[in-house]
Peer 1: 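Take a look at the following structure, please.
Here is how names work: the chains are called A, B, and so on, in the same order as the sequence lines, proteins then strands, and each is numbered from 1.
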Amino acid sequence: MTDWFAEQLLQWYDQHGRKDLPWHRDPSAYRIWVSEIMLQQTQVTTVIPYFERFMERFPTVEALAAASTDEVMGYWSGLGYYARARNLHKAAITVVEEHGGAFPASKDLIQALPGIGRSTAAAIVAQAHGQRAAILDGNAKRVLARYHAVEGWPGRTAVANELWEHAEAHTPDERIQAYTQAIMDLGAMVCTRRRPGCAACPVREGCLAYGRNNPEAYPGSKPKKEKPEKSVWMLVIEDGEGRILLEQRPPSGIWGGLMSFPEADPALQPEELPEHCETALGLETSEPETQEPFRHTFSHYHLWIRPVRLTAISTRALQDDRSRSWLHRESALEAGLPAPIRRLLG
DNA sequence: TAGCCGTGGGA
DNA sequence: TTCCCAAGGCT
């Protein structure tokens with residue numbers, strides 16, 4: 001069954017929808033999967049170059065499963081939300097070991113893989129296999145919240161449930177790939193967060209928010225909270241051969257498992273930093289050269305990054321520690337690095 | 001359930 | 001400059 005809403009979206013999609021995105025070319029389950037993970041909370045224009053590089057290096061799920069996590073992280077470096085890459089790699093190994101390399105075709109099996117939730121699983125089976133499944137990404141949430149004038153912030157379970165019901169009800173039995181792309185394209189191209197292009201909208205006749213003349217009021221916005229300010233010394237330590245000291249961060253928390261500069265307590269005075277290097281890193285260093293701090297904003301707090309340059313005089317007591325390594329700039333840039341650290345490396 | 005997890009673009 | 005938030009999922 002195809003209701004009026006879906007019919008209108010499909011007709012609009014045929015004329016205006018996006019059909020030439022990189023993952024539309026050979027839309028295998030593997031390629032759709034990788035694209036959907038990259039696109040979580042990330043805009044299309046940001047994803048495209050990452051997707052192309054990733055697919056060139058890991059063209060199949062077997063290639064991805066066979067790679068090291070470190071190399072996968074290197075290809076993800078700069079995209080953010082690094083748990084996505086870890087889960088992607090873990091899931092690839094599961095697909096190879098438990099499903100014989102064939103990406104599972106059932107939505108439930110797909111959703112059981114790490115990093116794949118209800119909406120992503122639906123997007124994969126709909127786009128790769130043409131199975132009827134409702135998605136509810138940020139675009140669909142905005143379109144449906146406006147069309148049905150659903151009040152409240154979609155982060156609340158009751159609001160999300162209501163949107164899911166609308167999503168299920170509108171999803172047609174036929175042309176699932178087109179409809180899935182259509183509702184996302186409408187949200188991204190017409191039913192935008194600000195200044196929506198209602199004049200070009202194929203469903204404005206039925207849209208309750210349009211009828212109320214306040215589409216921008218939907219969906220309800222997230223309750224705002226104060227972001228705390230944190231601060232840290234970032235120790236940029238270079239030895240006599242132009243190598244930089246990097247260490248692996250703890251597996252959980254911000255930039256979990258990525259390589260980064262050693263950090264020091266911001267309560268320390270700059271002149272105390274060489275002693276800190278001696279005790280914490282077993283390093284004899286020259287005088288510290290502090291650089292201009294800059295503020296890096298995360299989802300939940302601001303971090304003042306205070307870079308300090310030091311030159312290592314001796315590099316003893318480091319060979320045994322697998323979590324720390326001296327790397328030249330070029331090889332460091334191939335590792336999985338957080339964006340600001342990559343920037344500091346220059 | 002609410003907090004956590006990145007980055008870059010738009011206004 | 002500052003704030004919001006984008007093809008969400010996990011704990």
Peer 1: For residues 20-27 of chain A, which residues have at least one heavy atom under 4.0 Å from DNA chain B?
Peer 2: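 Heavy-atom contacts with DNA chain B come from no residue of residues 20-27 of chain A; none.
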Peer 1: Quick check on DNA chain C: between A/Val44 and A/Leu113, whose nearest nucleotide comes earlier from the 5' end?
Peer 2: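 The residue mapped nearer the 5' terminus is A/Val44.
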Peer 1: I want to check something: taking the side chain as every heavy atom from C-beta on, are A/Gln181 and A/Tyr13 in contact at a cut-off of under 4.5 Å?
Peer 2: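 Side chain of A/Gln181 against side chain of A/Tyr13, heavy atoms only: contact under 4.5 Å found.
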Peer 1: Figure out the CZ/P separation between A/Arg118 and C/dC10, and round it to whole Å.
Peer 2: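 After rounding, the reported distance stands at 14 Å.
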Peer 1: Quantified in whole Å, what is the C1' atom distance between nucleotide B/dC5 and nucleotide C/dC5?
Peer 2: 14 Å
Peer 1: For nucleotides B/dA11 and C/dA7, find the distance between their P atoms and express it as a whole number of Å.
Peer 2: 15 Å
Peer 1: Counting only heavy atoms not in A/Glu151, do more than 12 sit closer than 6.0 Å to its CD atom?
Peer 2: yes
Peer 1: What contact category does A/Gln181 fall into here, base, sugar-phosphate, or nothing, at under 4.0 angstrom with non-hydrogen atoms?
Peer 2: base
Peer 1: Is any side-chain N or O of A/Lys224 closer than 4.0 Å to OP1 or OP2 of C/dC4?
Peer 2: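 True: A/Lys224 side-chain N/O within range (under 4.0 Å) of C/dC4 OP1/OP2.
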Peer 1: Do you know the tightest heavy-atom contact between A/Pro270 and A/Thr290?
Peer 2: CB-CG2, 4.0 Å
Peer 1: Would you say the side-chain atoms of A/Ser77 pair up with the backbone N or O of A/Leu337, donor to acceptor, closer than 3.5 Å?
Peer 2: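 Yes, because the side chain of A/Ser77 sits within donor-acceptor range (under 3.5 Å) of the backbone of A/Leu337.
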Peer 1: Rounded to whole angstrom, note down the P distance from C/dG9 over to B/dG8.
Peer 2: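 Between the two P atoms, the distance is 23 Å.
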Peer 1: Write down the distance between CG (A/Asp185) and P (C/dA7), rounded to a whole number of angstrom.
Peer 2: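 So the CG-P distance, A/Asp185 to C/dA7, works out to 11 Å.
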Peer 1: Does the gap between the ring centers of A/Tyr82 and A/Trp255 come in under 6.0 Å?
Peer 2: no
Peer 1: Could you check how far CD1 of A/Ile48 sits from C1' of C/dA7, rounded to whole Å?
Peer 2: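 The distance from CD1 of A/Ile48 to C1' of C/dA7 comes to 12 Å, rounded to the nearest Å.
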Peer 1: CD of A/Glu272: more than 12 outside heavy atoms within 6.0 angstrom?
Peer 2: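 Counting neighbours around CD of A/Glu272, more than 12 heavy atoms of other residues, nucleotides or ligands fall under 6.0 Å, so yes.
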Peer 1: Take atom CD in A/Glu271; do more than 12 heavy atoms of anything else shown fall under 6.0 Å from it?
Peer 2: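 Result for CD/A/Glu271: enclosed.
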Peer 1: Does one hydrophobic cluster hold both A/Tyr301 and A/Trp304, with members joined at side-chain heavy-atom distances below 4.5 Å?
Peer 2: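 No, no single cluster joins them.
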Peer 1: Go along nucleotides 4-11 of chain B 5' to 3' and tag each nucleotide: B for a protein heavy atom under 4.0 Å from its base, S when only backbone or sugar atoms are that close, - otherwise.
Peer 2: BBBBS--S
Peer 1: Treating A/Gln131 as the side-chain partner and A/Ala105 as the backbone partner, does any N or O pair qualify as donor plus acceptor under 3.5 Å?
Peer 2: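 Flag set: sc A/Gln131 to bb A/Ala105 pair under 3.5 Å.
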Peer 1: When you measure from every atom of DNA chain C, which of residues 129-149 of chain A have a heavy atom less than 4.0 Å away?
Peer 2: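 The answer is A/Asp137, A/Gly138, A/Asn139, A/Arg142.
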Peer 1: Under the side chain to side chain contact (heavy atoms under 4.5 Å, CB included) rule, what do A/Leu186 and A/Met189 come out as? Steps first, then yes or no, please.
Peer 2: CA-CA 5 Å; A/Leu186 189 72; A/Met189 301 162 67; over 6 Å; no
Peer 1: Test A/Phe298 against every option in A/His300, A/His296, A/His302 by the ring-ring contact (aromatic ring centres under 6.0 Å, His included) rule and name the one that passes.
Peer 2: A/His296
Peer 1: Pull out every residue in residues 162-178 of chain A that has a heavy atom closer than 4.0 Å to any atom of DNA chain C, ordered by number, or say none.
Peer 2: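 None, since no heavy atom is under 4.0 Å.
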Peer 1: Kindly determine whether A/Thr42 and A/Arg84 satisfy side chain to side chain contact (heavy atoms under 4.5 Å, CB included), including the steps that lead there.
Peer 2: CA-CA 12 Å; A/Thr42 311; A/Arg84 294 184 294 175; 3.2 Å; yes
Peer 1: Could you give the distance separating B/dT1 and C/dA6 at their C1' atoms, to the nearest angstrom?
Peer 2: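 Rounded to whole Å, the distance is 23 Å.
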Peer 1: Taking CZ from A/Arg18 and C1' from C/dA7, how many angstroms apart are they, rounded to a whole number?
Peer 2: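 Rounded to whole Å, this separation is 9 Å.
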Peer 1: Are there over 12 heavy-atom neighbours, none belonging to A/Glu174, within less than 6.0 Å of that residue's CD?
Peer 2: no
Peer 1: Which pairs count as ring pair (Phe, Tyr, Trp, His ring centres under 6.0 Å) when at least one residue sits in residues 149-195 of chain A, sequence neighbours excluded?
Peer 2: A/Phe5-A/His170, A/Tyr147-A/His170, A/His148-A/His166, A/His148-A/His170
Peer 1: Are A/Leu136 and A/Ile110 connected in the hydrophobic side-chain network, where two residues link if heavy atoms are under 4.5 Å apart?
Peer 2: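 A/Leu136 and A/Ile110: separate clusters.
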Peer 1: More than 12 heavy atoms of other residues, nucleotides or ligands under 6.0 Å from CD of A/Glu56: yes or no?
Peer 2: no
Peer 1: Using atom CD1 of A/Ile116 as one end and atom P of C/dC10 as the other, report the distance to the nearest whole Å.
Peer 2: 9 Å
Peer 1: What closest approach, in Å, do A/Arg18 and A/Met184 show between heavy atoms, and which atom pair accounts for it?
Peer 2: NH2-O, 4.3 Å
Peer 1: Could you list by number each residue of residues 225-233 of chain A showing a heavy-atom separation from DNA chain C of less than 4.0 Å, or answer none if no residue does?
Peer 2: none
